[in-house]
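Below you'll find the structure, written out as structure tokens, and then a few comments.
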Amino acid sequence: MLRIGVLLSISLALLILGGVLPPANQANPVSVNLPQYTVDGQLKFPANYREWVYLSTGIDMSYGPGAGMDHSMFDNVFVNPEAYKYFLANGTWPDKTMLVLEVRGAESKSAINKAGHYQGTQIMGREVHVKDESRFPGKWAFFGFNNTATAKMIPTEMDCYSCHAQHTAVDTTFVQFYPTLIGIAKKKGTLSAAYLKEEPSAAK
């Protein structure tokens, strides 16, 4: 019996070293990139989002009339790597996709800078757009964070839901503003009918 136990231990060690089985105490690196919630349903902010895939930056963008501001802002968008890889292959987003919008103030006063703007160090706001089909009736939900580790879901009555539903390029997301992905969606034939109606040239 002892000899059999030793042989089994050696075989298991070889499997682990050979990459067939992960060590029992090894943390799953993918889990930190998936949506995580508190017991009362609040979304935990993905603190490592700046290690994710960068999609695009907009400046002073507004989806509604009369939304002028007395200052400029940059909107940076990041997506979890697993969702990005899936989009490259399929032209749409998988379940558990997380898109982070990071808002930073625009600066211009620097000894070397003579024109234009650059991003400041202060984060003015953060928002997360999550696809979690088993949790949300509409599959997607928005969460706004103000220097907090968790946030409640933004109510579905808010304009962000209807705006995304009516003007989305792909699966309630504004892929039309992500230059590295819009061509993939066009190639895969996943552009929404609403977007093609608004931007008929995109179908050509």
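Along the sequence shown, residues are numbered consecutively beginning with 1. What you see is a predicted model, and the numbers here were worked out from it, not measured in a lab.
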Derivation and outcome, side chain to side chain contact (heavy atoms under 4.5 Å, CB included), residues V103 and F74: CA-CA 6 Å; V103 182; F74 287 91; over 6 Å; no
Derivation of the ring pair (Phe, Tyr, Trp, His ring centres under 6.0 Å) call for F87 and W93: CA-CA 6 Å; F87 194 100; W93 301 112; 4.5 Å; yes
Chi angles and distances behind the side chain to side chain contact (heavy atoms under 4.5 Å, CB included) call for N33, M98: CA-CA 8 Å; N33 297 329; M98 297 182 72; over 6 Å; no
V128 and L43: CA distance, side-chain angles, deciding distance, side chain to side chain contact (heavy atoms under 4.5 Å, CB included) verdict: CA-CA 9 Å; V128 180; L43 179 69; 3.8 Å; yes
Chi angles and distances behind the side chain to side chain contact (heavy atoms under 4.5 Å, CB included) call for V170, Y195: CA-CA 8 Å; V170 178; Y195 171 70; over 6 Å; no
Verdict with reasoning, N90 to T92, per side chain to side chain donor-acceptor pair (under 3.5 Å): CA-CA 6 Å; N90 300 277; T92 190; over 6 Å; no
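In this structure a side-chain-to-backbone donor-acceptor pair under 3.5 Å is present from K188 to A89. No donor-acceptor distance shorter than 3.5 angstrom exists from the side chain of S72 to the backbone of D60, with no hydrogens or angles considered. Judged by distance alone, with hydrogens and angles left aside, the side-chain atoms of T97 form no donor-acceptor pair with the main-chain N or O of A83 at under 3.5 Å. In this structure, the side chain of S108 does not engage the main chain of G116 through any donor-acceptor pair within 3.5 Å.
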Just distance, no hydrogens or angles: give the donor-acceptor pairs under 3.5 Å from side chains in residues 139-149, sequence neighbours left out.
{"from": "W140", "atom 1": "NE1", "to": "D171", "atom 2": "O", "distance (Å)": "3.4"}
{"from": "W140", "atom 1": "NE1", "to": "D171", "atom 2": "OD1", "distance (Å)": "3.1"}
{"from": "W140", "atom 1": "NE1", "to": "T172", "atom 2": "OG1", "distance (Å)": "3.3"}
{"from": "T148", "atom 1": "OG1", "to": "T150", "atom 2": "O", "distance (Å)": "3.0"}

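A cation-pi arrangement is found for R126 relative to F45, the charged atom lying closer than 6.0 Å to the ring centre and inside a 45° cone about the ring normal.
Side chain to side chain, Y37 and D132 meet the donor-acceptor criterion of an N or O pair below 3.5 Å. The closest side-chain donor-acceptor pair between E107 and H117, if any, does not fall under 3.5 angstrom.
Salt bridge absent: E82 and K96 never bring a charged side-chain N and a carboxylate O closer than 4.0 Å. Ion pairing between a basic and an acidic side chain is recognised when a charged N comes within 4.0 Å of a carboxylate O; K131 and E133 show such pairing. Taking 4.0 Å as the cut-off between side-chain N and carboxylate O, R104 and E102 count as a salt-bridged pair.
Using a 4.5 Å heavy-atom cutoff, the side chains of Y49 and V79 are not in contact.
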